[in-house]
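Please read these numbers as outputs of a predicted model, since none were measured by experiment. The analysis underlying the following values was restricted to heavy atoms, covering all of them including side chains, and did not include hydrogens, waters or symmetry mates.
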Amino acid sequence: MITLAVLPAAGLAQQAPAITAYALEPAPLATLPPLPPPVGLPQLQLQVSCPALQQRLLATVGGQAPVWSISIADGQGRLLADLNGTRPRIPASNQKLLSTAYALDRLGPDYRLNTQLWLLSDGSFRLTGEGDPDLALPQLQRFAKLALGSGGSSGATPSLVRLQIAEEPRQAWWPQGWHPDDRYYAYGAPITRLAVTSNAIHDAVMNPPSRLQALLQKTVGQQGGKVQVSQVSSRAPLPGDAVLLHQEASAPMHNLLSLANTESHNFTAEVLLRQAAGTWDLGQAAQRQTLWLGEQGLPMDGVRIADGSGLDRANRLTSRFLTALLLRMDQHPYGRAYLASMAVAGQRGTLRNLYVGTPLQGQFFGKTGTISGVRSISGVLLTSAGPRYVSAISNGASSPNDTIGRVLRQAQNTQLCPL
């Protein structure tokens, strides 16, 4: 690209002879060449362009090729190597790469989830929330103080506080495809708007509104009052004359993204999907996310979204789709925040114990996925020739971590795929 250096008007005036004001005539404006057309974002190509890496990939997976889907691309969109890249697979927690990309694009890097206390016209209160995963006792104590009138309002402390908690219906607490056994564990905790410590202690909290009610009653009682708690639908609008008394904000988006991707926190990924879609109806949220993904020019054949976290075995993704998503997000205005949210090989998150002491340590930023029979790792590999976008999904392979490690080492060898 040629850059034209344009002198400022003051500089031109200093080089010209002095002219009296009456002799000054408007000079013709310089005509700059038209701007070049905008450069389109790189798109993932359809044909394999690096035979040497393709041969290494096939040799690495060997006889287990039928259970693998692996795609590798570079920053130009060249499909360097591909094995079953268009075959839909169960992705496990690689599904979170979609939820976090969607949330970052729709909500922005500074977004926070809010929990809010409202005063209603009849003197009662309503507590509303957006699923802050870190909502805990200190926030409840501040809400209680305000409701009791000790947070700056004048007048005597009421003996009884009437408080509504706005919550999702019980049938919406878990995605339908989550196995009933998973729902008892912390990783399968119910997805609710008012979720103290993400609805998990050691195991899942099976009735979050009941627990919240008990915590509120204890907190208000410790401050000398009593609380009468009732539950209302979070899908019913607030009265028009409701007054916001106080809100507690979650950690910023980059923390939420890291919680979902680095630590693979199911609850946070589910909340981000719903908030990004503007609805806590999971079916509608999945439809809106699917439309957004299609608008990004990604290969959508075979893609099926059942939840935001990957715990639902009805999800289907292809390795080419995930590779294209990683490529697209690296070009996104918030791409650095997306990359920074991922685990790091040998250093951080769910990859902290993998590939330690190898050339991959600190050079691969990715998302892992594990459920019964499924292992997936997708992410961005830094190389001397620029980034490589890699997605590997196995549905039934043996020693999948070792296989993925060998694939990443081959992709790191840039001499196999000269520009």
Side-chain angles (χ1 to χ4, degrees), residues 39 41-44 73-75 77 91 93-114 130-134 198 249-278 285 288-298 305 308-310 317 321-352 361-369 376-383 386-391:
V39 179
L41 296 174
Q43 297 288 316
L44 183 64
D74 66 7
S93 282
N94 272 204
Q95 191 76 25
K96 294 182 176 72
L97 290 171
L98 285 63
S99 302
T100 51
Y102 183 44
L104 185 58
D105 180 86
R106 297 288 86 187
L107 302 175
D110 300 319
Y111 184 83
R112 295 171 185 258
L113 302 163
N114 287 310
E130 296 176 335
D132 180 358
D134 294 319
S198 299
S250 74
M253 176 63 84
H254 66 85
N255 294 67
L256 300 173
L257 295 177
S258 182
L259 188 57
N261 283 337
T262 294
E263 303 300 335
S264 203
H265 195 241
N266 291 335
F267 181 92
T268 302
E270 295 291 344
V271 167
L272 288 176
L273 167 60
R274 289 156 176 76
Q275 287 298 118
R288 293 177 187 180
Q289 185 187 56
T290 302
L291 289 174
W292 177 81
L293 292 166
E295 291 169 355
Q296 310 311 304
L298 305 177
I305 298 171
S309 61
L317 300 179
F321 167 85
L322 284 167
T323 299
L325 174 64
L326 293 165
L327 175 64
R328 167 68 185 94
M329 288 305 295
D330 217 18
Q331 311 296 323
H332 194 280
Y334 305 143
R336 290 179 64 86
Y338 188 66
L339 184 66
S341 73
M342 297 187 190
V344 183
Q347 294 183 354
R348 187 177 73 195
T350 56
L351 284 169
R352 68 173 64 89
Q361 182 169 347
Q363 301 301 304
F364 180 71
F365 295 72
K367 179 76 200 74
T368 62
S376 57
I377 297 180
S378 300
V380 181
L381 175 66
L382 306 183
T383 77
R388 297 287 185 262
Y389 306 94
V390 184
S391 176

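F364 places a side-chain heavy atom less than 4.5 Å from the side chain of I377. Using a 4.5 Å heavy-atom cutoff, the side chains of N255 and D134 are not in contact. Looking at heavy atoms from C-beta onward, V271 lies out of side-chain contact with P133 at the 4.5 angstrom threshold. Counting only heavy atoms from C-beta outward, the side chains of R288 and Y102 approach each other to under 4.5 Å. Residues T268 and L257 have side chains not in contact (no heavy-atom distance under 4.5 Å, counting atoms from C-beta outward). Side-chain atoms of Y338 and H332, non-hydrogen and from C-beta on, never get closer than 4.5 Å to each other.
For the pair D330 and P387, the tightest heavy-atom approach, listed with the atom from each and the gap, is OD2-CG, 4.1 Å. In plain terms, the two heavy atoms of A269 and K96 that are nearest each other are CB-CG, 3.7 Å. Minimum heavy-atom separation, L113 to Y111: CD2-CE2, 3.7 Å. When all heavy atoms of P42 and G77 are compared, the pair lying nearest together is CB-N, 4.3 Å. A pairwise comparison of heavy atoms in N94 and S378 identifies OD1-OG, 2.6 Å as the closest pair. A pairwise comparison of heavy atoms in A249 and R112 identifies CB-CD, 3.9 Å as the closest pair.
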Is there a side chain to side chain contact (heavy atoms under 4.5 Å, CB included) between D105 and Y334 once you walk through the steps?
CA-CA 7 Å; D105 180 86; Y334 305 143; 5.8 Å; no
Verify side chain to side chain contact (heavy atoms under 4.5 Å, CB included) between L256 and H265, making sure each step is shown before the conclusion.
CA-CA 9 Å; L256 300 173; H265 195 241; over 6 Å; no
Please lay out, stage by stage, how L325 and L317 fare under the test side chain to side chain contact (heavy atoms under 4.5 Å, CB included).
CA-CA 11 Å; L325 174 64; L317 300 179; over 6 Å; no
Test side chain to side chain contact (heavy atoms under 4.5 Å, CB included) applied to L97 and F321, step by step:
CA-CA 11 Å; L97 290 171; F321 167 85; over 6 Å; no
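Between the CD atom of Q275 and the CG atom of L107 there is a distance of 7.0 Å, given to the nearest 0.5 Å. For the atom pair H254 NE2 and R336 CZ, the distance stands at 13.5 Å (nearest 0.5 Å). One distance of note links CG of L339 with CG of L382; it measures 7.0 Å at 0.5 Å rounding. Taken to the nearest 0.5 Å, the OG atom of S198 stands 7.0 Å off from the CG atom of L259. One distance of note links OG1 of T323 with CG of D74; it measures 11.5 Å at 0.5 Å rounding.
Residues meeting the salt bridge (charged side-chain N to carboxylate O under 4.0 Å, His left out) test with R352, sequence neighbours left out: E263. The salt bridge (charged side-chain N to carboxylate O under 4.0 Å, His left out) test applied to D132 returns no partner, not counting sequence neighbours. For R328, the salt bridge (charged side-chain N to carboxylate O under 4.0 Å, His left out) criterion is met by no residue, not counting sequence neighbours.
Q95 places no side-chain N or O within 3.5 Å of a backbone atom of S309 that could act as its donor or acceptor partner. With S376 contributing its side chain and P91 its backbone, the two residues share a donor-acceptor pair below 3.5 Å.
Side-chain atoms of S93 and K367 include no donor-acceptor pair closer than 3.5 Å.
None of T350, T262, N261 except one satisfies the side-chain contact (heavy atoms from CB on, under 4.5 Å) rule with T368; the exception is T350.
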